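Working notes, structure below.
Values reported hereafter were calculated over all heavy atoms of this structure, with side chains retained and with hydrogens, waters and symmetry mates removed. Because the structure is a prediction, the values reported are computed rather than measured. Lettering of chains follows the sequences in order, A, B, ..., and the numbering in each one begins at 1.
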There are 2 protein chains.
Amino acid sequence: MVPADTRPRRRADAERSIARIVSAARDCLSRDPDATVDDIAKAADVGRMTIYGHFRTRPELVEAALADALQAGEQMLVGVDLDGDAQQAMNRLLASSWSLVAESAALLTAAQAVLPAGRLRELHTGAADRVEQLIRRGQEQGVFRTDLPITWLVNAVHYLLNGAAEETRLGRLDPASTADVVTATVQAVLATPPANDIHPPR
Amino acid sequence: MVPADTRPRRRADAERSIARIVSAARDCLSRDPDATVDDIAKAADVGRMTIYGHFRTRPELVEAALADALQAGEQMLVGVDLDGDAQQAMNRLLASSWSLVAESAALLTAAQAVLPAGRLRELHTGAADRVEQLIRRGQEQGVFRTDLPITWLVNAVHYLLNGAAEETRLGRLDPASTADVVTATVQAVLATPPANDIHPPR
DNA sequence: TGCAAGTCGTACAGCCGCATACGAGTTCGG
DNA sequence: CCGAACTCGTATGCGGCTGTACGACTTGCA
């Protein structure tokens with residue numbers, strides 16, 4: 001909604017520095033939500049002072065990193081065909097973007113600690129909404145379950161992606177097969193359960 | 001394995017203080033892994049110094065809290081019948097202990113930050129192993145899926161429990177129905193998938 | 001080529017959390 | 001009821017991270 005950045009007046013190398021910094025911030029914060037400004041500077045191969053030259057405070061940097069990741073998500077979504085069978089659409093979506101979503105989710109928790117709650121939801125709502133709509137369409141098609149709150153389904157997928165990313169990071173999951181594992185698991189969570197195999201509570 | 005505590009020589013009120021402290025530590029750390037020693041002291045309604053009278057360092061306190069939670073888990077397990085149909089056994093297990101497991105999981109991440117990796121696994125292995133064995137039995141019975149790594153299945157359950165706990169904490173999930181939601185979701189993850197409804201990768 | 005923009009190191013202040021020291025008051029337990 | 005165990009406040013040192021200040025050096029750009 002903002003026309004562009006308020007400051008188009010930046011030099012080319014500064015632009016490059018900022019890109020490296022934001023990229024490094026995404027990297028570091030996804031791994032450790034408490035990553036230091038200094039850590040990020042080292043990862044970006046930049047002096048700490050350079051960072052403060054572009055971002056006043058650490059929260060501001062975190063927000064920039066999150067915004068960047070979310071924007072990358074946007075661009076990924078436009079390249080994925082979300083029409084047709086919702087189940088297959090979800091598979092396509094996961095195949096192309098599960099790792100990004102997982103990264104963003106970790107980043108999100110990093111941001112949660114330093115950004116005001118409202119600001120955060122404001123940034124992140126868009127992405128979550130799209131997933132929710134896809135699930136809703138799957139429900140209307142009868143392929144996704146309707147017996148659980150849709151909010152839970154959306155977030156459960158998030159938690160699973162997060163988990164898969166962490167398992168991979170820890171070497172407990174083969175990176176090559178992570179995508180398939182994630183897809184299969186999410187499919188199981190969302191699929192309409194076989195009618196009466198569910199044991200009623202109590 | 002340790003006979004008892006190395007110090008049976010403690011006064012009654014000290015015993016009470018310790019209990020309150022450990023309990024408060026479990027509470028605080030489950031909510032915020034970065035909870036301060038002072039926070040915990042306030043929650044336990046004790047002076048900060050009293051804590052240092054019983055626990056030399058913060059990590060030592062965290063370990064005590066985790067150990068306490070795990071021991072509570074042990075006691076919960078002995079009361080649950082794990083024989084018979086693995087699916088129903090898992091349901092029973094979740095019904096009686098999902099919240100405890102979820103709390104311990106949050107505590108676990110708190111501990112992960114301050115305890116050496118080896119020490120942590122040493123404490124926590126027991127619990128995870130039991131879940132793994134139950135899943136393995138379900139696989140032999142044919143009710144649980146075998147097409148995904150068992151390590152992933154175990155941890156996926158953990159991540160889901162964690163997520164459910166957080167959703168409940170944030171008020172996005174009705175506390176009364178959380179247990180059912182968890183049960184249904186875990187069941188979906190573990191169940192043997194309908195033979196050929198799975199779209200092969202690519 | 002020359003100036004402004006950008007980079008980067010060092011140094012410093014402020015804050016916060018951990019942990020220790022000391023000392024006085026309180027409570028258990030024999 | 002007396003001594004030891006326990007509680008608890010205050011003060012203090014230490015270390016790490018944030019954010020600011022200054023100054024020198026390099027680099028884009030017109």
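Annotation: side-chain hydrogen bond (donor to acceptor under 3.5 Å, both in side chains) contacts involving residues 73-84 of chain B, sequence neighbours excluded, comprise B/Glu74-B/Arg130. Applying the side-chain hydrogen bond (donor to acceptor under 3.5 Å, both in side chains) rule to pairs touching residues 95-116 of chain A yields A/Arg26-A/Glu103, sequence neighbours excluded. Listed by first and then second residue, the salt bridge (Lys or Arg N to Asp or Glu O under 4.0 Å) pairs that reach into residues 108-119 of chain B are B/Glu63-B/Arg119, B/Arg119-B/Glu122, sequence neighbours excluded. Sorted by first and then second residue, the salt bridge (Lys or Arg N to Asp or Glu O under 4.0 Å) pairs involving residues 181-192 of chain A (not counting sequence neighbours) form an empty list.
Residues B/Val62 and B/Phe55 fail the side-chain proximity criterion, which asks for heavy atoms closer than 4.5 Å.
Nucleotides of DNA chain D lying under 4.0 Å from heavy atoms of chain B occupy a range whose first and last members, 5' to 3', are D/dA4 to D/dT10.
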Show me the donor-acceptor pairs within less than 3.5 Å that the side chains of residues 151-163 of chain B make with the rest of the protein, sequence neighbours left out.
| residue | atom | partner | partner atom | Å |
| --- | --- | --- | --- | --- |
| B/Trp152 | NE1 | A/Thr185 | OG1 | 2.9 |
| B/Asn155 | ND2 | A/Glu167 | OE1 | 2.8 |
| B/Asn155 | ND2 | B/Thr151 | O | 3.1 |
| B/Tyr159 | OH | A/Glu167 | OE2 | 2.8 |

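Note: CD (B/Glu60) to C1' (C/dA19) measures 13 Å, nearest angstrom.
Around atom CZ of A/Arg121, no more than 12 heavy atoms belonging to other residues, nucleotides or ligands sit under 6.0 Å away.
Just one of A/Leu123, A/Leu108, A/Leu100 meets the side-chain contact (heavy atoms from CB on, under 4.5 Å) condition when paired with A/Leu70; it is A/Leu123. Just one of B/Asp39, B/Asp45, B/Asp38 meets the salt bridge (Lys or Arg N to Asp or Glu O under 4.0 Å) condition when paired with B/Lys42; it is B/Asp38.
Scanning residues 110-117 of chain A for heavy-atom distances under 4.0 Å to DNA chain C yields an empty list. Contacts between residues 47-55 of chain A and DNA chain D, defined by a heavy-atom separation below 4.0 Å, involve A/Arg48, A/Met49, A/Tyr52, listed by number. For DNA chain C, the residues of residues 17-33 of chain A within the heavy-atom distance limit of 4.0 Å (strictly under) are A/Ser17, sorted by number.
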Fill in the blank from the handout: Given protein heavy atoms under 4.0 Å, the one-letter contact record of nucleotides 24-30 of chain C, with B base, S sugar-phosphate only and - none, is simply ---BBS-
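Along DNA chain D, the nucleotide closest to B/Val46 and the one closest to A/Val37 are compared, and the more 5′ of them pairs with B/Val46.
One axis for each end of the helix from C/dT1-D/dA30 to C/dG30-D/dC1, each built from five base pairs, and the angle between them comes to 20° at 10° resolution.
A salt bridge links A/Glu132 with A/Arg136: the distance from a Lys NZ or Arg NE/NH1/NH2 to an Asp or Glu carboxylate oxygen falls below 4.0 Å.
Evaluation of the side-chain hydrogen bond (donor to acceptor under 3.5 Å, both in side chains) rule for A/Glu60 yields no partner, not counting sequence neighbours.
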